[in-house]
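Indexing begins at 1, ligand by ligand and atom by atom, following the structure's order. Basis for what follows: all heavy atoms, side chains included, without hydrogens, waters or symmetry-related copies.
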Amino acid sequence: MGSAESPLDRRTLVESLRDYVEQIREEGLEGLPASSTVAPGAIAKASAPPQTARTQAVEASKPDIAPGPAVELISKYPGLEKASTLDELREFIGDCTRCKLAPCRTNLVFGVGNPSAQLMFVGEAPGADEDARGEPFVGRAGQLLTDIIERGMGISRSDVYICNVIKCRPPDNRNPEPDEVASCEPFLMRQIDLVRPRAIVGLGTFAVHAILKIKTPISKLRGNWHELRGIRMMPTFHPAYLLRNPGDKRLVWADIQEVMKYLGMPIPRRGGSSS
Ligand code: URA
């Protein structure tokens, strides 16, 4: 008898827990395990969420977020989760032959930038310039991305972290294939876990579809926060698309400004100096 709980006690406990979770969900706090995509508006877009005692507690408990499908990806490569720095992760990947892109590459393009960046950019896959140099976003599209970061956001490219879903160049710049994504994705997930940025910008249709596992057109996804591994993700157009459609640069700038607001960054006036 003594300490045995009655079914009524248990039901009351379950009900209060359920109410508490619902309450948190309605407040739009990130990091809840229910879905990997946060519907537009579910995360306050205007500014960083107010830091109440409860949001701080939720932030502090982030590593305990219930594992979603992306966590499963890591177990694809036993030992991957033991890589505890980006250098160790690069070493783990080694001279990779895990997919059919290996023989096509000159250099594996791992990622570049601040290993503790608050902001991470994720593109699709290396192109010819990136393959030759072993660094992401160094061609024409890369120059535009650098301009967005340095002239638009007013920070240095080395302040952010930049990488791709796929680490090796697909031949003739074709789209990466599903088996190639499946081979490489655990490395991106581990990169995200290690950098642990406050926000991620997903660049272009392919990267965003591969990351979020949805096929909604990028024109509908952009401008709205999504969630990836407990981190806010802002989809936007790829810089290569902007080279062909410069009229849409204003949309990307609007998306970047949302990210800057969330990060508490001053929005520079057009031309570079902050307002
Ligand atoms: N496009 C990408 O998606 N990534 C690069 O690194 C270069 C071009």
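Applying the 4.0 Å criterion to heavy atoms of Pro136 picks out, from ligand 1, the atoms 6 (O). Each of the atoms 3 (O) of ligand 1 lies under 4.0 Å from some heavy atom of Gly123. Residue-ligand proximity, Glu124 to ligand 1, at heavy-atom distances under 4.0 Å covers atoms 2 (C), 3 (O).
Atom CZ of Arg98 sits about 7.0 Å away from atom CD1 of Ile93, to the nearest 0.5 Å. Here the CE atom belonging to Met153 is positioned 10.0 Å from the CD atom belonging to Gln257, to the nearest 0.5 angstrom.
Judged by the shortest distance from any of its heavy atoms, His238 lies inside the 4.0 Å radius around the atoms of ligand 1. Taking 4.0 Å as the cut-off, Ala125 counts as a neighbour of ligand 1 on heavy-atom distance.
Take Arg244 and apply the side-chain hydrogen bond (donor to acceptor under 3.5 Å, both in side chains) test, not counting sequence neighbours, and it matches no residue.
Counting only heavy atoms of the protein, atom 4 (N) of ligand 1 lies nearest to Asn164 OD1, 2.8 Å.
Residue pairs meeting the ring-ring contact (aromatic ring centres under 6.0 Å, His included) criterion with at least one partner in residues 108-140, sequence neighbours excluded, are Phe137-His238.
Shown are Lys167, Arg105, Arg174; of these, the salt bridge (Lys or Arg N to Asp or Glu O under 4.0 Å) with Glu180 is made only by Arg174.
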